[in-house]
Number of protein chains: 2
Amino acid sequence: MVKKKDQTTEEKILAAAKKVFVENGLAGARMQDIADKAGINKALLHYYFRSKEKLFEVIFKEATSKLFPRVTAIFSSDIPLFDIIRQFTSEYVEIVLENPYLPLFVLNEINKQPHAFSQKLFGNNRPPVHKLAEKIEKEIKKGLIKPISPAHLIINMLSMCVFPFVGKPMIQLMMNIDELQFRNMMEQRKTLIADFIIASIKK
Amino acid sequence: MVKKKDQTTEEKILAAAKKVFVENGLAGARMQDIADKAGINKALLHYYFRSKEKLFEVIFKEATSKLFPRVTAIFSSDIPLFDIIRQFTSEYVEIVLENPYLPLFVLNEINKQPHAFSQKLFGNNRPPVHKLAEKIEKEIKKGLIKPISPAHLIINMLSMCVFPFVGKPMIQLMMNIDELQFRNMMEQRKTLIADFIIASIKK
DNA sequence: ATATAATTTAACCAAATGGTTAACAAAAGT
DNA sequence: ACTTTTGTTAACCATTTGGTTAAATTATAT
């Protein structure tokens, strides 16, 4: 199945931990489970990472570090609104397609400890939603798009990107589709979401 | 704080259990915690509901029984497409506003045991998405709305209804809004989502 | 070669957790 | 009045879990 040959012990642990944490959350993850999946003794976990919390923090940072800096970059980008929408939606879906279970994991942890995790997630610079909001306001005033509350527009965009992953099993159940079909659908969404939004707000 | 006076013991347990389960999930919930919140002994929990699983099942059914029958009803309703969209979005948001943490809870449990929970959730009659999909197809063929994949349209609608609740703490963090502001925003979404969708697909 | 440091393990520990038991108290029949 | 059923509790139990310890093995340096 998986090649674990030339990985260092630390790498083996991190790979196993990521799987277990993302699947079960912080509280639900078992150190023994991580050790087993990494093919090592449980005590060795504590040798490399002092505690469950510490290990979790490493995984959490690593898992989210790909996504949020990009969000921040795109939100503050100077390109036209429609391009921001296109770029954000396609990039978001593309990145998350690599880790489909990440969003539910992040939302869960942030839900359990909003402030602690917002700190871990954003540090001190949260994604500049206000910049995007201002840009939307401007376009409305210039009469380039239909009037809409910027906050709602942003939430709509975020919703259509994030929810399909969070609700993946439910969607698969309701629509009776397998892994491949789901993946194909998400590939389509890379462009479809932006088209859908723009069709709604374009004058 | 809360009035627990004229409640029967069973009601006290159910109220406490709902809170604890929804906040922590099946695995994260503690029987002792439920007992404490209900102001009773832990053994009494097992006297009323034999096990954690049994208690959970009761809570789960009670919590979801309000929502899904309505979804099914609206999906199979014979009214025009735009009315379905308006009715579904407004009703969904309205119902969930009473239990804002329900969606994340349900998605989590369904994620952990897709088949077991789909059984508990839907029994043998899943929401008839196909009926709605067929209706969309027809409207497209009749040239009444722009062409769009029915599956994607449904996912978009679902996304904009569900995600704001699932992502509530994250949205509150990113947009820096309090409980009341969030609630007001969701009130607005009762009509806004449908307007947004219809604007996008209307010819 | 051998002393030193880094890595790995088996055995153990204390705390937490779901669940049980046996005894006690309160209601409800009779 | 008293017997039976229902409701409630404290104490207890087995298992699980995160974490520790001390010994063993392997690598590194001298």
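Chain identifiers are assigned alphabetically (A, B, ...) following the order of the sequence lines, protein sequences preceding nucleic acid strands; residue numbering begins at 1 within each chain.
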Asks: Could you check, using the six-membered ring where one of them is a Trp, whether A:F49 and A:F56 have ring centers closer than 6.0 angstrom?
Replies: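 Centroid distance A:F49-A:F56: not below 6.0 Å, so no.
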Asks: Quick check on C:dT8: is either OP1 or OP2 less than 4.0 Å from any side-chain nitrogen or oxygen of A:Y47?
Replies: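 No, because none of the side-chain N or O atoms of A:Y47 sits under 4.0 Å from OP1 or OP2 of C:dT8.
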Asks: A:Y47: which residues meet the ring-ring contact (aromatic ring centres under 6.0 Å, His included) condition with it, sequence neighbours left out?
Replies: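 For A:Y47 there are no ring-ring contact (aromatic ring centres under 6.0 Å, His included) partners, ignoring immediate neighbours.
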Asks: Would you say B:R30 reaches C:dA16's phosphate, i.e. side-chain N/O to OP1/OP2 under 4.0 Å?
Replies: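 Answer is no, no contact under 4.0 Å.
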Asks: Identify whether any heavy atom of A:A27 sits under 4.0 Å from a base atom; if not, whether one sits that close to sugar-phosphate; answer base, sugar-phosphate or nothing.
Replies: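 The answer is nothing, as A:A27 stays clear of every strand by at least 4.0 Å.
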Asks: Take the protein atom CG of B:L44 and the nucleotide atom C1' of C:dA26, then report the distance between them rounded to whole Å.
Replies: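 Computing the B:L44:CG to C:dA26:C1' distance gives 13 Å.
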Asks: Mind checking which nucleotides bracket the chain A contacts on DNA chain D, 5' to 3', with an atom under 4.0 Å from a heavy atom?
Replies: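 From 5' to 3', the first and last contacting nucleotides are D:dT17 to D:dT21.
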Asks: List the atom pairs, with distances to 0.1 Å, where a side-chain N or O of residues 131-140 of chain B and a protein N or O form a donor-acceptor pair under 3.5 Å, not counting sequence neighbours.
Replies:
{"unit_1": "B:K135", "atom_1": "NZ", "unit_2": "B:S77", "atom_2": "O", "d": "3.3"}
{"unit_1": "B:K135", "atom_1": "NZ", "unit_2": "B:I79", "atom_2": "O", "d": "2.6"}

Asks: Check for me whether the distance between the ring centres of B:F105 and B:F21 falls short of 6.0 Å.
Replies: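 That pair fails the under 6.0 Å test.
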Asks: Would you say a side-chain N or O of A:Y48 is under 4.0 Å from OP1 or OP2 of C:dA6?
Replies: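 No, because none of the side-chain N or O atoms of A:Y48 sits under 4.0 Å from OP1 or OP2 of C:dA6.
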Asks: Between atom CD1 in B:I40 and atom C1' in C:dG19, what is the gap in whole Å?
Replies: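 Roughly 14 Å, once rounded to whole Å.
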Asks: Kindly write out the residues that satisfy side-chain hydrogen bond (donor to acceptor under 3.5 Å, both in side chains) with B:Q181, not counting sequence neighbours, or none if the list is empty.
Replies: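 B:Q181 satisfies side-chain hydrogen bond (donor to acceptor under 3.5 Å, both in side chains) with no residue once adjacent residues are dropped.
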Asks: Who passes side-chain contact (heavy atoms from CB on, under 4.5 Å) against A:N184, sequence neighbours left out?
Replies: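 A:L180.
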Asks: Can you measure A:H46 atom NE2 to C:dT9 atom C1' for me and round it to whole angstrom units?
Replies: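 The distance from NE2 of A:H46 to C1' of C:dT9 comes to 15 Å, rounded to the nearest Å.
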Asks: By side-chain contact (heavy atoms from CB on, under 4.5 Å), which residues pair with B:Q32, not counting sequence neighbours?
Replies: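 By the side-chain contact (heavy atoms from CB on, under 4.5 Å) rule, B:Q32 matches B:A35, B:D36, B:K42.
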Asks: Got a sec, which pairs hit side chain to side chain donor-acceptor pair (under 3.5 Å) with one end in residues 153-170 of chain B, sequence neighbours left out?
Replies: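 Every pair satisfying side chain to side chain donor-acceptor pair (under 3.5 Å) with a residue in residues 153-170 of chain B: A:R189-B:N156, B:Y101-B:K168, B:K168-B:E179.
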Asks: Please classify the nucleic acid contact of A:A35 as base, sugar-phosphate, or nothing, using heavy-atom distances under 4.0 Å.
Replies: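 The answer is nothing, as A:A35 stays clear of every strand by at least 4.0 Å.
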Asks: Partners of B:E10 by side-chain hydrogen bond (donor to acceptor under 3.5 Å, both in side chains), sequence neighbours excluded?
Replies: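 Result, side-chain hydrogen bond (donor to acceptor under 3.5 Å, both in side chains) vs B:E10: none returned.
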Asks: Identify, residue by residue, the members of residues 51-59 of chain B with a heavy atom below 4.0 Å from DNA chain D, and return them in order of residue number, or none.
Replies: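 Going residue by residue through residues 51-59 of chain B, none turns out to have a heavy atom under 4.0 Å of DNA chain D.
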